[in-house]
Amino acid sequence: MKKINLFAVLASLTFIFTSCSFNETVLPEEQNLDLLKAYTIKRDVDGAYSLDFNLNGNVKTENVVDETTNTNYIYLYSSENKLNSKVTQDFVIDGNQLKIGFVDTNTSKQPQISIKDEDASFAKANKEEMLAEYSISGNENGTYTLNFSVKNKVKVDFIFNEELSIYEVHLQEGKSDETVFSKVFEKIEGQTLKIDFVNHIIENNTSAKSRGGDDDGYTYIKERRPEVIII
């Protein structure tokens with residue numbers, strides 16, 4: 001009888017230690033799960049901004065505004081309650097800038113995106129706007145997808161500015177058969193990804209015309225807007 005009891009005790013201890021080893025192996029993986037799967041920030045044809053983001057499992061969100069940096073932080077927490085895996089929020093340009101940051105409390109990851117642009121009311125009134133709408137998506141594989149559309153008779157060129165380390169999308173009046181574009185960008189870990197729309201604008205300079213000089217009466221400028229920085 002003593003031998004049988006000793007065997008049972010040893011078997012129980014073996015099962016307990018095996019279970020503990022299994023839990024120690026699985027739990028760290030669960031704890032390191034990224035709560036944020038992917039997100040898309042977009043500007044519609046009226047110039048209004050919105051953010052869509054997908055979550056892993058049941059995730060509680062909390063919005064906190066850091067007034068010192070004017071950043072809209074979205075905190076993500078694991079939750080036992082059943083919650084929506086997709087969230088949509090509207091945002092407005094404060095002055096000429098919009099900053100959004102995610103704080104993943106499960107992994108301490110803090111992806112951020114900053115956009116310089118005009119507010120929706122001004123963009124809607126600007127009839128010379130060449131960019132119709134655009135969106136930038138942070139994908140699960142770490143890449144970023146830029147989708148955008150332009151108005152008719154707008155030529156589009158993609159250029160990498162090595163001096164400034166900025167991916168530039170040049171927009172100017174010209175013949176083009178395409179109005180919808182998409183491009184995928186790779187982001188190097190620990191470095192910022194910068195994407196600028198560069199608008200080639202022609203302004204009518206009536207004062208130059210009245211002087212009767214050699215000036216053709218037009219001013220050619222390049223305006224960077226919107227400007228996107230991803231951290």
Side-chain angles (χ1 to χ4, degrees), residues 33-45 47-56 69-74 76 85-91 93 96-104 107-118 120 123 129-151 154-172 174 176-201 222-231:
L33 176 68
D34 288 342
L35 300 182
L36 178 65
K37 291 178 65 176
Y39 71 88
T40 298
I41 185 166
K42 58 185 176 182
R43 191 190 79 179
D44 63 21
V45 292
Y49 276 91
S50 62
L51 173 70
D52 296 330
F53 54 97
N54 297 325
L55 303 168
N56 267 321
T69 61
N70 199 25
T71 303
N72 301 275
Y73 283 106
I74 302 173
L76 308 177
S85 59
K86 185 175 181 179
V87 180
T88 298
Q89 296 183 9
D90 295 328
F91 288 91
I93 295 288
N96 68 338
Q97 196 166 42
L98 172 63
K99 293 182 179 180
I100 299 174
F102 291 95
V103 180
D104 189 333
T107 62
S108 298
K109 292 184 178 179
Q110 300 188 26
Q112 295 186 35
I113 183 167
S114 174
I115 298 175
K116 289 184 179 181
D117 198 1
E118 296 173 340
E129 184 84 18
M130 288 182 283
L131 178 65
E133 57 183 339
Y134 81 97
S135 68
I136 293 180
S137 300
N139 306 312
E140 291 187 63
N141 62 1
T143 63
Y144 291 84
T145 303
L146 171 66
N147 293 308
F148 67 96
S149 62
V150 297
K151 297 183 178 180
V154 174
K155 182 182 177 183
V156 177
D157 290 309
F158 294 94
I159 298 174
F160 178 67
N161 189 321
E162 294 185 1
E163 182 180 355
L164 300 177
S165 296
I166 297 176
Y167 292 94
E168 298 178 344
V169 183
H170 288 254
L171 308 178
Q172 56 186 322
S176 177
D177 296 328
E178 297 180 79
T179 58
V180 178
F181 299 85
S182 181
K183 191 172 181 62
V184 177
F185 297 89
E186 300 280 348
K187 182 182 180 299
I188 300 175
E189 186 70 24
Q191 296 186 15
T192 58
L193 173 63
K194 298 180 180 180
I195 305 171
D196 286 3
F197 285 91
V198 182
N199 303 271
H200 295 248
I201 301 173
K222 294 180 182 179
E223 182 183 55
R224 292 181 179 271
R225 185 177 59 80
E227 300 175 60
V228 180
I229 300 176
I230 300 172
I231 301 176

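Source: prediction; values computed, not measured. These numbers come from the heavy atoms of this one structure, side chains and all, not from hydrogens, waters or symmetry mates.
Interatomic distance, CG of Leu51 versus CD1 of Ile136, reported as 12.0 Å (0.5 Å rounding). Of the inter-residue distances, the one linking Tyr39 atom OH with Ile113 atom CD1 reads 4.5 Å to the nearest 0.5 angstrom. Within the model, atoms NE2 of His170 and CG of Asn199 stand 10.0 Å from one another, a figure rounded to the nearest 0.5 Å. Between the CD1 atom of Ile230 and the CD atom of Gln112 there is a distance of 11.5 Å, given to the nearest 0.5 Å. Separating the CZ atom in Phe185 from the CZ atom in Phe160 is a distance of 10.5 Å, to the nearest 0.5 Å. Here OG of Ser149 is found 7.0 Å from CG of Leu131. Values are rounded to the nearest 0.5 Å.
Taking 4.5 Å as the limit, some side-chain heavy atom of Leu98 sits within range of a side-chain heavy atom of Ile41. Under the 4.5 Å side-chain criterion, counting only non-hydrogen atoms from C-beta, Lys116 is in contact with Gln97. Residues Ile100 and Phe53 have side chains not in contact (no heavy-atom distance under 4.5 Å, counting atoms from C-beta outward). Using a 4.5 Å heavy-atom cutoff, the side chains of Ser182 and Thr145 are in contact.
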Query raised in the report: Run the side-chain contact (heavy atoms from CB on, under 4.5 Å) check on Val156 and Glu178 step by step: do they pass?
Result: CA-CA 9 Å; Val156 177; Glu178 297 180 79; over 6 Å; no
Requested in this report: Before giving the answer on side-chain contact (heavy atoms from CB on, under 4.5 Å), spell out for Tyr144 and Val228 the whole-Å C-alpha distance, their side-chain angles and the decisive distance to 0.1 Å.
Outcome: CA-CA 12 Å; Tyr144 291 84; Val228 180; over 6 Å; no
Requested in this report: Carefully, step by step, assess Leu193 and Tyr167 under the rule side-chain contact (heavy atoms from CB on, under 4.5 Å).
Outcome: CA-CA 8 Å; Leu193 173 63; Tyr167 292 94; 3.7 Å; yes
Query raised in the report: Yes or no on side-chain contact (heavy atoms from CB on, under 4.5 Å) for Ile74 and Val87, after CA distance, side-chain angles and deciding distance?
Result: CA-CA 11 Å; Ile74 302 173; Val87 180; over 6 Å; no
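Checked for salt-bridge contact, Glu227 and Lys194 miss the test: no charged N lies under 4.0 Å from a carboxylate O. Salt bridge Arg225/Glu129: present, at least one basic N to carboxylate O contact under 4.0 Å.
Around NZ of Lys187, the count of heavy atoms belonging to other residues, nucleotides or ligands within 6.0 Å exceeds 12. Under a cut-off of 6.0 angstrom, the local environment of CD1 in Ile188 is sparse, with at most 12 non-hydrogen atoms contributed by other residues, nucleotides or ligands.
The backbone N or O of Leu36 lies less than 3.5 Å from no partner atom in the side chain of Asp34, so there is not a single donor-acceptor pair. Formation of a donor-acceptor pair under 3.5 Å by the Asn141 side chain with backbone atoms of Thr143 is found in this model. Under a 3.5 Å cut-off, the side chain of Asn72 and the backbone N or O of Lys99 do form a donor-acceptor pair. Side-chain atoms of Asp104 come within 3.5 Å of backbone N or O of Leu35 as a donor-acceptor pair. Counting only distance, with no hydrogens or angles, the side chain of Asn147 and the backbone of Ser135 share no donor-acceptor pair below 3.5 Å.
Below 30°, between 30° and 60°, or above 60°: for Tyr134 and Tyr49 the angle between ring planes is above 60°, a perpendicular geometry. Ring geometry for Phe148 versus Phe197: interplanar angle over 60°, hence perpendicular rather than tilted (30 to 60°).
No side-chain donor from either of Ser137 and Asn139 sits under 3.5 Å from a side-chain acceptor of the other. Of the N and O atoms on the side chains of Asp44 and Ser50, not one donor lies less than 3.5 Å from an acceptor on the other residue.
The two atoms that bring Glu133 and Arg43 nearest to each other are CB-O, 3.2 Å, heavy atoms only. In plain terms, the two heavy atoms of Asn161 and Arg224 that are nearest each other are ND2-NH2, 3.9 Å. In plain terms, the two heavy atoms of Leu55 and Lys37 that are nearest each other are O-CD, 3.4 Å.
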